[in-house]
Amino acid sequence: MANPSCLLYAFLLLVAFQSTMMNANTVIQPPQCRPVAASSREKIIFSVNLLLYQAEFLLHASVDAGINDISPGLVQGPDPIGATIANFSNPVRRVVEELGLATVGHLRALVQAGILDAPITRPQMDVSAEAYAGFVNVAFNVSTLTPPFNIYANTPSFVAAAKGFSAFIQQYYAGIIPSIVGNDQQQLVTQIGLSQSAGLGVLRTLLNDVINSTVQPYTFTAAELSNRTSEVVNRLGGCGVKAEGLIVPLQLGAENRTTSNVVPGDVNSLAFVRFEREILRMVFGTGNATMPGGLFPRGFFGSLYQRNRDS
Ligand SMILES: *[C@@H]1O[C@H](CO)[C@@H](O)[C@H](O)[C@H]1NC(C)=O
Ligand SMILES: *[C@@H]1O[C@H](CO)[C@@H](O)[C@H](O)[C@H]1NC(C)=O
Ligand SMILES: *[C@@H]1O[C@H](CO)[C@@H](O)[C@H](O)[C@H]1NC(C)=O
Ligand SMILES: *[C@@H]1O[C@H](CO)[C@@H](O)[C@H](O)[C@H]1NC(C)=O
Ligand SMILES: *[C@@H]1O[C@H](CO)[C@@H](O)[C@H](O)[C@H]1NC(C)=O
Ligand SMILES: *[C@@H]1O[C@H](CO)[C@@H](O)[C@H](O)[C@H]1NC(C)=O
């Protein structure tokens, strides 16, 4: 049993067993919605792919900077595809910048905790308007909107996309926090998850401020954009309705009493949970966790991703 691979196997079984126990008194999830058996470190590194993306995305869009401009030497590897500055009002720019900066801090904290070494190698990330237009075209069931959808054109277009991505981080953290082994690591991951969750609320609040206005230059409103893209994301994820619009039917609103839905949640307004393969199916835009594309054209880094891909 001293054989390291035996130990790893026993450990993975234990992890898988723990996950089963946690779900025992709730709904049994179908196989494609369950977590991949993995160590705490592997789960955290999986999340680093998402944090890297968000940091680059928000910083480039707000102040035309990347992670290394803020924290030299923190990352290496390919620059994101299609990064560009967005057409924001100054108050919105400041908020988007703040959330990007906060995410850089979270990455540095993970390095300082010894979970991974700097420079962190970024996966290939695509933050281009075209990558997002792909999702929006599907949402409106057209081969392409005229003119092509550009998330960088104005606040509603960008914030609708950014809140979608931010939700993946919040939901993944909601899923892994209970299973992180070791007080120090669980504390750190909780601090990151709560800060990220607040960021999601801020993005949705920005969108809510303009929710009934039309998204220029189209005729649909921000509410409709958010509703339709949520539907696409849920379809890709394949594990139920966890992305929700900001104006919803009463039965999706808190206590079935409101159509206002700034903070999404389940019937008891609890945060939704998503695990690895569900996240991959959505960010790849392929509905297939082993078929990279969309926002991560060459997939994620890390052994959890690799093992799932090879299995
Ligand atoms: C999408 O549009 C096509 C025609 O372009 C139509 O046949 C199809 O039913 C539409 N799908 C949905 C879900 O509305
Ligand atoms: C930038 O945003 C403003 C305010 O939403 C809008 O009036 C203007 O048309 C936008 N510019 C471009 C180039 O889209
Ligand atoms: C948006 O429209 C809904 C009605 O569909 C209304 O209840 C809500 O107050 C409006 N929200 C804002 C922020 O204007
Ligand atoms: C989108 O809006 C439709 C019509 O109001 C509603 O039935 C559906 O639940 C909404 N979906 C999401 C994900 O918000
Ligand atoms: C809200 O409606 C759903 C069905 O759509 C139901 O399952 C749930 O119990 C209701 N919640 C409350 C607080 O009434
Ligand atoms: C997902 O993609 C892989 C190729 O990467 C393919 O072998 C597999 O059948 C696909 N799965 C589904 C459910 O489509």
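In listed order, ligands and their atoms are each counted from 1. This chain uses plain numbering: 1 for the first residue, then up along the sequence.
Residue contacts with ligand 5: Asn256 is placed with a nitrogen or oxygen under 3.5 Å of a nitrogen or oxygen of the ligand (distance criterion only). For Asn87, a nitrogen or oxygen atom sits less than 3.5 Å from a nitrogen or oxygen atom of ligand 2, counting backbone and side chain alike.
Taking the six-membered ring where tryptophan is involved, the planes of Phe158 and Phe88 are perpendicular, since the angle between them exceeds 60° and thus also 30°.
Paired with Ile247 under the rule side chain to side chain contact (heavy atoms under 4.5 Å, CB included), one option of Val262, Ile211, Thr258 passes, and it is Ile211.
The protein heavy-atom contact nearest to atom 8 (C) of ligand 4 is Glu231 OE2, 3.4 Å. Nearest protein heavy-atom contact of atom 7 (O) of ligand 5 is Val267 CG1, 4.4 Å. The protein heavy atom nearest to atom 14 (O) of ligand 4 is Gly245 N, 3.0 Å. Pro249 CG, 4.0 Å is the protein heavy atom nearest to atom 5 (O) of ligand 4. Regarding atom 13 (C) of ligand 5, its nearest protein heavy-atom neighbour is Glu255 OE1, 3.5 Å.
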> Please walk me through it: do Val215 and Glu224 pass side chain to side chain contact (heavy atoms under 4.5 Å, CB included)?
Replying inline: CA-CA 9 Å; Val215 178; Glu224 191 177 358; over 6 Å; no
> Could you go step by step and tell me if Tyr172 and Phe46 meet the ring pair (Phe, Tyr, Trp, His ring centres under 6.0 Å) rule?
Replying inline: CA-CA 10 Å; Tyr172 186 58; Phe46 184 91; 5.0 Å; yes
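Between Asp79 and Arg122 there is a salt bridge, since a side-chain N of the basic residue sits under 4.0 Å from a carboxylate O of the acidic one. Between Glu278 and Lys242 there is a salt bridge, since a side-chain N of the basic residue sits under 4.0 Å from a carboxylate O of the acidic one. With respect to the salt-bridge test (charged N to carboxylate O, under 4.0 angstrom), the residues Glu97 and Arg93 do not qualify.
Short contacts between ligand 5 and Gln251, defined as distances under 4.0 Å to a heavy atom of the residue, involve ligand atoms 5 (O). With ligand atoms numbered from 1 in the order given, ligand 4 contributes 13 (C) to contacts under 4.0 Å with heavy atoms of Ser230. If you number the atoms of ligand 4 from 1 as listed, the ones under 4.0 Å from a heavy atom of Asn227 come out as 1 (C), 2 (O), 3 (C), 8 (C), 10 (C), 11 (N), 12 (C), 14 (O).
Heavy atoms from other residues, nucleotides or ligands lying under 6.0 Å from CG of Asn183 number 12 at most.
If you look at Leu252 next to ligand 4, the close heavy atoms, those under 4.0 Å, all belong to the side chain. When heavy-atom distances to ligand 4 are checked against a 4.0 Å cut-off, Ala243 comes that close only through its backbone atoms N, CA, C and O.
In this structure, atom 1 (C) of ligand 2 has a protein heavy-atom contact shorter than 4.0 Å. Inside a 4.0 Å radius of atom 10 (C) of ligand 5 there is at least one protein heavy atom.
To the nearest 0.5 angstrom, Leu225 atom CG is 11.5 Å from Thr214 atom OG1.
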